[in-house]
Structure formats: structure tokens, C-alpha cells
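Some notes on the structure that comes next.
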2 protein chains.
Amino acid sequence: MNTLEFAKQKLTEVGLKATQQRMVILAAVQQSKNHPSPEAVYEKVRVNNPSISLGTVYNTLDIFVEKDLIQTVLAKNGLKRYDGRLGNHNHIHCVNTNEILDFEDEELNDLVLEFLKRKKIENLDIRKFSLHIQGEKIDEKKNIKIH
Amino acid sequence: MNTLEFAKQKLTEVGLKATQQRMVILAAVQQSKNHPSPEAVYEKVRVNNPSISLGTVYNTLDIFVEKDLIQTVLAKNGLKRYDGRLGNHNHIHCVNTNEILDFEDEELNDLVLEFLKRKKIENLDIRKFSLHIQGEKIDEKKNIKIH
DNA sequence: TCTTATTTAATAATTGTTACAAATTTAAAA
DNA sequence: TTTTAAATTTGTAACAATTATTAAATAAGA
Ligand SMILES: [Mn+2]
Ligand SMILES: [Mn+2]
Ligand SMILES: [Zn+2]
Ligand SMILES: [Zn+2]
């Protein structure tokens with residue numbers, strides 16, 4: 001099953017009409033490794049769907065978050081960014097490149113989950129958690145900053 | 001020493017002229033428990049300093065981050081928010097109230113720090129980390145959602 | 001096919017933020 | 001103290017990201 005077929009199936013599962021626009025937008029976010037902004041999604045899908053509108057991208061992304069097909073990711077610069085990966089995972093924020101990289105680690109998840117279970121937080125129904133690691137990307141060979 | 005005196009001292013320490021505006025803005029962020037937006041800081045300081053300008057609040061907050069007097073905190077809605085607390089600490093994001101609460105826990109910090117030391121991340125110079133806990137605030141008595 | 005509801009495209013409006021120039025304040029020099 | 005220059009602030013304009021609006025297009029059902 002290709003990515004569009006998969007998107008179509010997901011859309012119908014949550015009760016959304018599987019329009020062309022929704023399918024390509026969902027596929028774009030899910031394939032993306034970059035935690036893309038609405039603008040980035042727009043530029044990507046526009047290549048094969050030149051008539052698609054930026055407003056539609058904004059609206060559709062919000063609908064997808066509502067339906068739990070994708071999630072929002074927090075970004076320092078105040079731009080909206082989305083994440084096709086659901087479930088608990090962690091993020092590395094590069095202070096120099098502004099990239100947001102996924103950092104998946106089962107051991108870390110277990111570690112935190114166990115901690116949270118032990119240390120009950122009053123009056124809070126925990127939904128998800130994510131470790132945000134802020135650091136500087138360095139060049140592996142020369143140990144200098146990457147621009 | 002009152003909070004304004006303390007702010008004055010901090011400002012001179014980092015080489016900034018301790019103007020009235022800077023002192024009250026710094027004191028406002030440091031006293032705030034809410035991770036305030038620029039607008040919120042503005043409303044707060046405006047009470048006793050009616051002639052202060054919103055632009056000054058924006059500029060000054062950025063200067064403070066630059067000088068490491070305060071830090072930015074990531075917010076989902078794309079608004080800028082600031083944090084008078086430096087150093088590694090964690091945040092609880094309430095999905096229903098939109099509050100961002102501090103969650104300080106020495107044990108958790110050690111846990112994560114030890115993990116990160118053990119599990120070296122390639123080509124990354126880690127600066128700080130923070131656990132984001134997303135959850136729903138519930139009423140302690142009746143176990144229903146707080147609005 | 002006809003009818004109706006849903007979705008989209010195009011564009012206008014709004015919002016949060018930044019840029020700017022004139023006015024004010026501060027600090028230093030004379 | 002006055003003079004001068006630099007730094008800061010104010011008030012407002014500009015900007016960019018997002019949201020709202022509305023007419024056209026599309027899809028589904030009768
Ligand atoms: Mn995040
Ligand atoms: Mn914005
Ligand atoms: Zn991610
Ligand atoms: Zn905090």
C-alpha cells in the first residue's frame with residue numbers, strides 16, 4: 001500500500017472525507033522528517049498539486065490535529081510546526097541550525113514513565129510527555145560549529 | 001533587598017544600564033509564576049508605569065534573553081512566552097487551561113542527566129534539557145475537568 | 001439527474017511582532 | 001553647571017504568519 005492509499009484509509013477511519021487535498025497533505029506530513037511548517041507543507045504538495053491553496057493547508061493541518069492524525073510540535077521562533085509521528089518521543093532542538101530532530105529512545109521513555117508513575121502529580125491527568133534537548137550541532141570531524 | 005534593587009544589581013552585572021523600564025520588566029518576569037507573554041508583562045508593568053511602551057517590553061525581553069537574565073519558553077499557540085527561572089527545569093502544559101506550570105524535581109534532573117551522559121548523542125553539544133508534560137488539569141474533589 | 005451538504009480557492013482581515021524615526025533620558029566632557 | 005554625545009524609549013508604521021470570509025467547486029445522496 002502506497003502512502004496515498006494509507007492516508008486515504010486513515011482519513012476514512014477518523015470520519016473525514018478523503019479528498020485529494022487531504023490525502024496529499026497527510027502523506028506529506030507523515031513522510032516528512034523535518035517537523036514542517038504549514039508553509040513547508042504547502043511548498044511540498046504544491047509541486048504535484050499546483051492549484052492547492054495555502055489556507056486549505058492551514059485548515060487541514062488543524063483538522064488533522066483535532067482528529068489526532070498528527071500533532072503539533074513546539075518551536076521557539078513562534079512558527080507553527082507539525083509532526084507526523086504520534087506517540088511519545090523526544091526532540092532535539094539545534095540552537096544553531098534551528099532544526100528539530102526526532103530522538104526516539106525506548107529506554108528513556110521507560111525511565112520517565114516509571115518516574116511519573118511513582119511521583120504522582122496532583123490533579124493532573126497526564127496525556128503525553130517529551131524531553132526537549134537543546135544543543136548545538138557540531139561538525140563530527142573538525143569539532144567546529146556547523147552553519 | 002527588594003525585587004527592584006535585585007533587578008538593578010542583575011542588570012549592572014551583565015553590563016546593562018539599569019533604567020526604570022528595565023528594572024520593572026525584569027522584576028515582573030522574575031516574580032511571575034505564569035511564564036508571561038510580552039503582552040502580559042506589559043499589562044503588569046503598565047499599572048505602575050503607565051507611560052511604558054509595548055515595543056520597549058518586546059525589545060527589553062529579547063535583550064534579557066540575550067544576556068541570559070531570563071529564558072524563552074516554548075508555547076504551543078505560537079505566542080512568545082518568557083521564564084524568569086533559569087537552569088534546567090520542567091514544564092507542565094495544561095491542555096484545558098493553557099497554563100504552563102513549572103515542575104522542578106531534582107531526582108528527575110539527575111535521572112535524565114545520567115541517561116544523557118551514558119547515551120552520548122553524536123555531534124551534539126547539549127546545552128539544556130526540559131521535560132514537557134502534557135496533561136489535563138482535573139478538579140481534585142469531584143474529578144471533573146476545570147474550565 | 002437533481003439536490004444538498006461539504007470542501008476548497010481566493011482574498012480580506014486580524015494578530016503578534018518588528019522596524020523605524022523622533023523625542024527623551026542618561027552619562028560623560030568641557 | 002552647561003554642553004555634547006550616546007543610549008534608550010516612545011509612538012507609530014510596516015510586516016509576516018495566521019485566521020476569517022465568501023463564492024465557486026466538488027462530492028454524496030435521493
Ligand atoms: Mn515539543
Ligand atoms: Mn506569529
Ligand atoms: Zn517529532
Ligand atoms: Zn519555567
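Numbers restart at 1 for each chain; the letters A, B, ... are given by sequence-line order, proteins then strands. Just the heavy atoms: all of them, side chains too, but no hydrogens, waters or symmetry mates, feed the values below.
- As a whole-Å value, the separation of A:L79 CG from D:dC15 P is 18 Å.
- Distance B:R81 CZ to C:dT17 C1': 17 Å, rounded to the nearest Å.
- Clustering of Ile, Leu, Val, Met, Phe, Trp and Tyr side chains at separations under 4.5 Å leaves A:L86 isolated, with no partner residue.
- Contacts of residues 27-46 of chain A with DNA chain C (heavy atom under 4.0 Å): none.
- When the side chains of ILVMFWY residues are joined at heavy-atom separations under 4.5 Å, either directly or via intervening members, B:F103 and B:L111 end up in a single hydrophobic cluster.
- Shown here are the ring pair (Phe, Tyr, Trp, His ring centres under 6.0 Å) partners of B:H91, two or more places apart in sequence or in another chain: B:H35, B:H89.
- With no hydrogens or angles considered, a side-chain donor-acceptor pair links A:Q71 and A:K128 at under 3.5 Å.
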Nucleic acid footprint by protein, nucleotides 5-10 of chain C - heavy-atom cut-off 4.0 Å, B for base, S for sugar-phosphate alone: -SSSBB
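- Side-chain atoms of B:T97 and B:E99 form a donor-acceptor pair, as typed in the model, at a separation below 3.5 Å.
- Here the P atom of nucleotide D:dT8 and the CG atom of B:L11 are 11 Å apart, to the nearest Å.
- Looking at residues two or more places apart in sequence or on another chain, you find a side chain to side chain contact (heavy atoms under 4.5 Å, CB included) between A:T3 and A:A27, A:Q31.
- For C:dT18, the OP1/OP2 oxygens have no side-chain nitrogen or oxygen of B:Y58 closer than 4.0 Å.
- Rounded to whole Å, atom C1' of D:dA27 lies 13 Å from atom NZ of A:K8.
- The interatomic distance linking B:Y82 (OH) with C:dG16 (P) rounds to 14 Å, in whole Å.
- Listed pair B:K80 / D:dA17 fails the phosphate criterion, with no side-chain N or O lying under 4.0 Å from OP1 or OP2.
- Around atom NZ of B:K10, no more than 12 heavy atoms belonging to other residues, nucleotides or ligands sit under 6.0 Å away.
- Hydrophobic clustering, defined by side-chain heavy atoms of Ile, Leu, Val, Met, Phe, Trp and Tyr closer than 4.5 Å, groups B:I70 together with B:L4, B:L11, B:V14, B:L16, B:M23, B:V24, B:I25, B:L26, B:V29, B:V41, B:Y42, B:V45, B:I52, B:L54, B:V57, B:Y58, B:L61, B:I63, B:F64, B:V65, B:L69, B:Y82.
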